[in-house]
Amino acid sequence: MPGLLLPSIPLFLLPSIHKFSKTGNNKRNAENDGDLPMRQWLKNRRIKEDIQHKEWEKSLIKSKDFKKIFYYNKKTNVRFGLTFMATLIDENIIQDGILPNLLEEEFREIEDIKQLVPVADVQICDDPSLIEQKLLNGYVMLTIETELKHFGFIAAQKEIVRGLSQPEVEFSVIGPKEAFVESMGQNLNLIRKRLPVKELIIEEFTLGSLSKTSVAMLYMEDITNEDNVNTVRQRLTNVKFDAITDSSYIVQLISDNSNSPFPQLLDTERPDRVAGILAEGKVAIVVDGSPHVLITPTTLVEFFSSFEDYFLNWILSSFFRLIRLFAVAFSILITPIYVATLSYHYELIPKDLLSTLITSRREIPLPPILEALFLELTIELLREAGARLPTKVGQTIGIVGGIVIGTASVEAGLTSNVLLIIVALAALASFTTPVYRMGNTIRLLRFPFLFFAELWGLLGIVFCFCLLLTHLIRLTSLGRPFLEPLYPPRVMDMKDALIRLPFEKQSKRPIFLRTKNPTRFSKKKAKEKKDIDE
Amino acid sequence: MKKLILFCLVLLLSGCVDKEILDDINIEVGVGYDLAEDSKDKYRGTVLFQEFQPDKTVINRTFSGSGKLRQDLLLEVTKQSSEPVVTGGLKLAVFGPELAKKGIYDLVDSFQRDASIGARVFVATSEGKALDMLNGEYGTRGNSTYIYNLIRHNIEHRDIPQTNLHILANDYYQDGKDPFLPRLKKTAEDRVEVVGISLFSRDKEVGILPVKDMFFFKLLVDKYSEGNFDVKLKKGDLAAVKSLRSKHKIKITDNHASISINIEGIIREYTGDKLASEVVDTVQKNLEKKVEKESLRLLRQFQELGIDPVGFGQLKKAQHRNFDFKKWKDDYKTLGFDVKCNVTIEETGVIE
Amino acid sequence: MKEQPVPERLQISPFLVFYLVMSMQIGIGVLGYQRIIAMDAGYDAWISILFAGGCIHVIVWMIYKIGETVGGDIVTAHKYILGNFFGKALCSIFIGYFILYSLTVVRTFVEVIQVWMFPELSTFWFSFGFMILCVYIIFGGFRTVVGTAFFGLVLPAYLLLTFGWAIKFSNFYNLLPIWDHSIKELLTASYHMSLTFIGFEIILFFYPFIKEPKKSQKWAHLAVLTTTLIYTILAIITFAYFAEDQLSKQIWASLTMWKIVEMPFVERFEYIGIANWNLIILPNVCISIWIASRLIKRVFNIRQKVGVFFVVGGVLSVIHFLDSRERINTLNDYVGKMGFTFTFIYIPLLFAAVMFVKKLKKGKKK
């Protein structure tokens, strides 16, 4: 079968891309017109119509992987063409599923592909503006000379999907071991599997003028508050960005206050967590190409709850949550308190501790603030270096950094060993935060606190705390207060905040979500009923 | 962002306050006051610092100076010290005997005025100069810690009634009550001892209770939570009553105060052959008698000295509106006492 | 003529009035009110606290009655009685009152810091930092201000427990005999106590911001009751802890009481306490600045954001000149008297006037 590469004669610009370079392209059009005589053998009576719907081809033709091939049907001798991006489609589908039928069977008009092509996703449309997008999404376009106004689209995407693996960031010892991957279809499958009800709505958007990323918004109809859904929908459609390559972009683009160090959307790689929060009445956002699914609206305390909390007995999980809370406070405050106490408030130190502190600092030439900054920066460097290196090398760096640098700096008399212990513990405590993003924020927060501790001692720490508190009170996630249920105080929502009460007590959905159906299950039947995540 | 940086810079440059970095200051941990030899100056003060060595041992360092005010003294000491002197770590204040007799109020007042001095500072009087007292080498953790712990454990387990700077000031200002302080003595270069209680009238020392009276004194002014007393029996046997708990109740009528003291304890040691229940009874009775007799003697002694460490005046005032303390001063001299003691021995140890 | 109602998303739940009122009442005064009332009524002064607390309930009731009748804040009430121009003119006095109030609180707090922690702390620069924090809070809207009030009350609540240490060194015989002072002395003490109590009058200023204001009345009463109890208990502990003559020398009795606190990891507590007090006085200052700027908006029709800067600028430009204990005391006295006049004399008058005008209008309708 003769395949024919058909270069196009573009006349118009594609409206969606490169609006600004209109003039430049027009010039090139003129050059291309000059090529016309060379391709005269192609000219026939159809060329005029061809040209008209070839505007989209102008840019695509430059790409090596753009293919347009014409075939003749054996029985009817109809000439039809397949257009596709070779790199995006699975050639096996064309060879085994499309071509044999189209060539061998009776193929007269475009409607026939619905009978002939054994592929699930076959569409026929007559809107030329869709062509480019469909081609770039991995569809094969079928054109037929008898019906120039209609196109058939046959899905033949080549899915290169990483196999399901264990969650790495949110690993849990007990509970499901599946994590999201980079394919949206796969991810949606993981979620749907867990919530096989018709109420789960998946709305899709295409965002990014260049990346054309598919973004799906998931929510439960009849549960999720309409306002929340509308806000997300509106924010997503309002996104103006050219290339969205990961869900983190979405986080920053749609969050209420982008000047805050706090993430206002929770991201997770656990499908079970997404299923859990959907049932609570929140909204999930799945971004194609990202193994992290976003959850919104969220609250501060949610960042300190690991999904494993729901797998453990409520007493244990409450205990662990409190430990984490303590760890956060400890991690942020302990170095500033050290600096404040040693620089200003020697009176506070118990007399038995005094000798330990003084002897350890006796030889140190640096004031406490520089000493603390030195060590904090060392830890940050180690973390940053460890994060950039492959796992095995990273581990070595950790050991080298921790033992060698720490011990050496104490022996050299640059830092006191008490502070070394404190800083190491603080770093350790910051890693207990279940959400990685929040862990980063916490490590950053230490530095303003250090600054104010150096400035006004304990008073400065409280002052900085007031600043932080105000910032948190002002923050909202999707217009819902970020500090809820602490402020505005909602006793009902405390059941799953700093501590987690047993499932029997969780019969109501969180108030702040203002769900349409606030009851999860009737309390009377609580004993027999099992909850979502089992 | 620019505004934020500017704000931080401005604060850093102009808002900073003076630092007192822990290892760049000399923390005054103990202070002793004597009467100055030179009559021009009022006090001769000794300030005790501790210097921590890399091997965690402590060197005691004292500086002395004289002056009319506590601040003069601090100035003198600052001249000699390599680092700025701060007072926030003060744990112990000792007054020499002559000074105690002359009055300690000015100094106590200056302690109170100094916001950096805590309320749990122990104040004591010394037999012999306060200067010598602080100049010893007691224990391995520094003189101040040594004496501080000495007084504290004697308060908790032995015969010193609850005391600290706050209680001293409180007693001083309280009408109808007089302060008292523990009295210490340096017995050797490395040894300090509690040698009694200094009794004050207002801020002047007027009498000293010897060690043997301290048990009864504490019964009267404070309560025991874990005391200790040896009871003599007839045949020269001794019984040690331990884990002693006591409470006292005072009822005061027009011109008579009746004090009832309740003691509970355990016999831990007995030098006789057999601790029969009769013996226990005898121990109880002997102890009761002894307490009653000695307490009464002490109360009379206070009356003679014209002091009121138990606080009868305060109790009397609590019962009368528009109380006249001047009249009470005379009334106190004729106040009658009776002491009723009730001892319960709860256990006698694991053997009979 | 009709005022714009406050949109619902800016309104607060009725129970938050509890935190607002309490956090406005508890401020810098708690650190040293014991001495002031003991000067008049000795150790019977706790009765005066209860009495003053009782009187306040009546005023709170009046405030709610005013709010209910005119359906708005104090400006509406004044317009109701005096008409637009005179009403607004009279209300502008309160702008000055609340500016002075915030000035007093900040300056007194700075003084406490200077005496107890950092003698060299620059009054201006600390106030500057503090004011920036306040502006940040107020720009977040009324809900943020209320949030600060909430946390400013809940987080430092543990400080109350620390006064428990003092009980061990207390002698409750100090309080006996009860009624050792004349009614007149007790009333004077009540008058002085009222200076520590003021702050509840703010209800009259944020009344339109409460969702279902009627429901909030019980919370306001509960707040006043709780404050009264806290003040009484603290006063009783203080009286038991100090001898009477000793207390008369303690300018900040509550702080001095912290000196006795000793924990295994903290030798001296007052430094932590003072630092924490920053959180307690923050709502005091924020609420008063918010009210001042809101009044500016209501009276002069200037944007509230501009008003905030005006108030803050005013405070900062004056604060530097209050450099001695005497001046600060004078200011405190002055503001206290203003507060007393406003809450205990003016509000009942206003109440009577509103009731009178209401009857008058009713009569006209008929």
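Quick note on labels: first sequence line is chain A, next is B, and so on, each numbered from 1. The shown structure was predicted, so the numbers you read here are calculated from the model rather than taken from an experiment.
The environment of CZ in A:Phe330 is crowded: more than 12 heavy-atom neighbours from other residues, nucleotides or ligands sit within 6.0 Å.
Put simply, CG on A:Leu354 and OG1 on B:Thr145 are 8.5 Å apart, with the number rounded to the nearest 0.5 Å. Between B:Ile21 atom CD1 and A:Arg361 atom CZ the span is 6.5 Å, to the nearest 0.5 Å. Note that NZ of A:Lys351 is 10.0 Å distant from CD of B:Gln50, once rounded to the nearest 0.5 Å. Rounding to the nearest 0.5 angstrom, the gap separating the CG atom in B:Asp23 from the OG1 atom in A:Thr359 is 10.5 Å. Here the NE2-CD distance, from A:His345 to B:Glu20, works out to 9.5 Å after rounding to the nearest 0.5 Å.
Of the listed residues (B:Val58, B:Leu22, B:Ile25), just one forms a side chain to side chain contact (heavy atoms under 4.5 Å, CB included) with A:Ile358, and that residue is B:Leu22.
Contacts of B:Ile27 with chain A are made by side-chain atoms alone, with heavy-atom separations under 4.5 Å and no backbone atom involved. Contacts between A:Leu348 and chain B at a heavy-atom distance below 4.5 Å are absent for every atom of the residue. Of the atoms belonging to B:Asp18, it is backbone heavy atoms, and not side-chain ones, that fall under 4.5 Å from chain A. Both the backbone and the side chain of B:Val86 come within contact range of chain A, judged by heavy atoms closer than 4.5 Å.
A donor-acceptor pair is defined here as one N or O able to donate and one able to accept, closer than 3.5 Å; such a pair exists between the side chain of A:Tyr346 and the backbone of B:Gly88.
At least one side-chain heavy atom of B:Lys19 sits under 4.5 Å from a side-chain heavy atom of A:Glu454.
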